[in-house]
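Data block below; observations after.
FYI, side chains are in, hydrogens and waters are out, and symmetry mates aren't considered; it's all heavy atoms of this structure. Here is how names work: the chains are called A, B, and so on, in the same order as the sequence lines, proteins then strands, and each is numbered from 1.
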2 protein chains.
Amino acid sequence: MGRKRLQPSPDGRPTVHTVAARAGVSIASASRVLNGIGGSAETVRRVREAAAEVGYVPNAIARSLQSQRTGLIALAVADIGNPVYVAMMRAIEAVVASSGRQLVVHATGGEIDSETALLRRLANRYVDGMIISPIRITDSHHAAIVGSPVPVVVVGQLPDDTPVDNVRTDSRAGVALAVDHLVAAGRQRIGFVNGPLDTVPGAARDAGFRAALARHGIPVDEDLIEIGDFQYAAGRAAAARLLDRADPDALLCANDLIAVGALHTLLSEQRRVPEDVALVGMDDTELAQMAFPQLSSVSLGSEARGRRAAELLLERIADPDLPPRREHVAPSLAVRASSTVGGPTAGNGPPASRRAPADGTVEVIS
Amino acid sequence: MGRKRLQPSPDGRPTVHTVAARAGVSIASASRVLNGIGGSAETVRRVREAAAEVGYVPNAIARSLQSQRTGLIALAVADIGNPVYVAMMRAIEAVVASSGRQLVVHATGGEIDSETALLRRLANRYVDGMIISPIRITDSHHAAIVGSPVPVVVVGQLPDDTPVDNVRTDSRAGVALAVDHLVAAGRQRIGFVNGPLDTVPGAARDAGFRAALARHGIPVDEDLIEIGDFQYAAGRAAAARLLDRADPDALLCANDLIAVGALHTLLSEQRRVPEDVALVGMDDTELAQMAFPQLSSVSLGSEARGRRAAELLLERIADPDLPPRREHVAPSLAVRASSTVGGPTAGNGPPASRRAPADGTVEVIS
DNA sequence: AAACTCCCCGGAAACGTTTACAAGTCAGGA
DNA sequence: TCCTGACTTGTAAACGTTTCCGGGGAGTTT
């Protein structure tokens, strides 16, 4: 015969049983009081008192098992050191917090194993939903995403037939904005420092760069193209190699980390920016504004993408039967001192605004 | 009479009951097979098959309720945009991953409410342990930390009597290293751009700065001290104010974000760094090496602190009865181009090493 | 052939919470 | 006085998993 357990759990922590026993009421009454629903004045007093005395704190796991929700949303990004993800995270955080939930972040390091392992672990009910921004998409990603027990929203490109909510931008168009800007400023030998071609963003930027040059009738010179990873050190090294063998009058970099690395190399080698070499980054992160001179950068709308992704996720959690949705955020170009000789002067005047139009236009920020 | 439930859970997802029924075995057998312990060849086959057919994925919440552990570790930091936390996070991640657990990060924004709410939510069993690096310590922090149901390790200063594992550095000594270095280089009018004095690091750095000046017999000139928050924009603005009313020959900044902001202001106002104004940051983050010229910076051992904090946490999870421990990591100074006129030249030579000695010494990185 | 060991299996309890349901109390109105 | 309704309370089931325990079958040893 199952004697009622009046003692705390094995690890010594009080449970609702402990509180109920101490207050001399049933666990149902104790639970009700602790959740603020019902109870006579006397019962409420006794339960509150007992809870305080034993230092009761509810077990969220047990509560979640019962309620089928945890109130947590996960965000998985490849590189948390990249400011573009920080910006995205802040936008997501704002939306998530306004729904009374909490955001937790996981850095995957861009490794396939880590990302799918994450999906398997966190998405198995530890969180109510998940936003993931994978840098590569493999079959195992695909399988893990569509088989996830909780809603997943993907930020970034994704095979067209994947039945998953998705927010993307057009980074090819973004690259085109930058090339147009440089060509309009009279630059003809445009160098390009890209990330790995086997990543989704790397491939898109490469295709965009070649297409944009073609549109302007400029032949592609492979000596003007360098590839590293998406980090600062790689940008610095890649720019050094590029300068060593070619003589660019402009440099387009696949993200701002690379661009800051390239800037370091340019300044070390006594090239004037923008007079000798114009420099344009991508992502338009705060790093672009920290650099001196401030960097022109292609905004891919990270905040907007993050915000929309979070909104889509909350909508889907509320109604799992919605059809999969796909949204686009248009790129824009923020022009700053690093690419305009007579334009915005290096660091004079008030700090440049971070705003950029959302419809693929070019804005000169002075 | 309780009829056995053979149907999937209310939301339609299969449970171990579904799999067991389909395979024609008991839930005990199904569970054993799914966990890889025991089972005849035939049973294993049938259960595996059934699980695959219905797309079974175990509910981690239910598992955790039973096993009393989630395999998750949380890290709470004030500002995830600050590279010092990124460095710390990477170190923690490495240790945590090697124990087979996963790290989740939460940015609190430095707000008291958010931090204590986090402790109440995540620490109530959603995670097996937590590392927190609060920028302010209030009574409610104190209460939440000591009352936490799961182990908590604090990175940073903490009242001496708090019975909690703690890893700290001596930022006063760190400030002293920087001042000594600047004075030795002949600088006499040393400006100081600090963070808010009601934060733990802000107060410690202020005290350290005044003590170090006193030790060198230099009177404190309040005009040479400015306060903002710990961000880039604040550093830029504070440096502008300081330059406006005083004429420093050196600038010490309370972290690297502030220092990069100050660098921007200095370069905008045509001051040569380091010839006119020597510049030293704190935290020795990658940002210090991205700047041009590269920034001298006081290393407060963020990686080492993160690593130790993670190790302490894992030890405590393994043995909750350990006495509270308190560990120290000594600061050191990385000298780079921003503070040495004849020394390490700006950006020439190979990239500077990130290593700094761990025993409070000064290292010139060339 | 009986006793013993080993393995496999199923029933049932347990983790800590919320909640449906039934039963009880009490006051007020017919 | 009896009925009705509002309110409170306790019992027990449920969330989905792991695991203890005992029963039973097959194989091995005396």
The side chain to side chain donor-acceptor pair (under 3.5 Å) partner of A:Arg326 among A:Asp165, A:Asp160, A:Thr162 is A:Asp160

Could you tell me the separation between the [atom1] atom of [X] and the [atom2] atom of [N], rounded to a whole number of Å?
X	N	atom1	atom2	value
A:Tyr56	C:dT18	OH	C1'	10 Å
B:Ile61	C:dC15	CD1	P	18 Å
A:Tyr126	D:dG16	OH	P	15 Å
A:Gln66	C:dT17	CD	P	11 Å

Residues which pass side chain to side chain contact (heavy atoms under 4.5 Å, CB included) with A:Arg308, listed by chain and number, not counting sequence neighbours | A:Val167, A:Glu311, A:Leu312, A:Glu315, A:Glu327

Test for a donor-acceptor pair under 3.5 Å between the base of D:dG16 and the side chain of B:Arg13, counting only N and O atoms.
->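 No pair found.
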
[X] side-chain N/O to [N] phosphate OP1/OP2 under 4.0 Å:
X	N	answer
B:Ser26	C:dC9	no
B:Ser31	D:dT17	no
B:Thr15	D:dG16	no
A:Gln68	D:dG16	yes

Positions of residues 34-49 of chain A (non-hydrogen atom under 4.0 Å from DNA chain D), listed by number |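 Those residues whose heavy atoms fall under 4.0 Å from DNA chain D, taken from residues 34-49 of chain A in numerical order, are A:Gly39, A:Ser40, A:Thr43.
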
Tell me what A:Ile27 touches on the nucleic acid: a base, only sugar-phosphate, or nothing, going by heavy atoms under 4.0 Å.
->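 Base, at least one base heavy atom under 4.0 Å.
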
The answer to which of B:Ala62 and B:Arg32 contacts DNA chain C further toward the 5' end, by nearest nucleotide, is B:Arg32

Is the count of non-hydrogen atoms from other residues, nucleotides or ligands lying under 6.0 Å from [X] atom [atom1] greater than 12?
X	atom1	answer
A:Arg90	CZ	yes
B:Asp139	CG	no
B:Arg120	CZ	no

Excluding sequence neighbours, so at least two apart, what forms side-chain hydrogen bond (donor to acceptor under 3.5 Å, both in side chains) with A:Glu53?
-> A:Arg22

Closest to the B:Leu65 side chain: D:dG16, D:dT17, C:dC21?
-> D:dG16

With the side chain of A:Asn59 defined as its heavy atoms from C-beta on, choose the nearest nucleotide among C:dC9, C:dT17, D:dT17.
-> C:dT17

Side chains of A:Ser40 and A:Thr43: do they bring a donor and an acceptor to under 3.5 Å?
->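 There is such a pair (donor and acceptor under 3.5 Å, judged by atom type) between the side chains of A:Ser40 and A:Thr43.
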
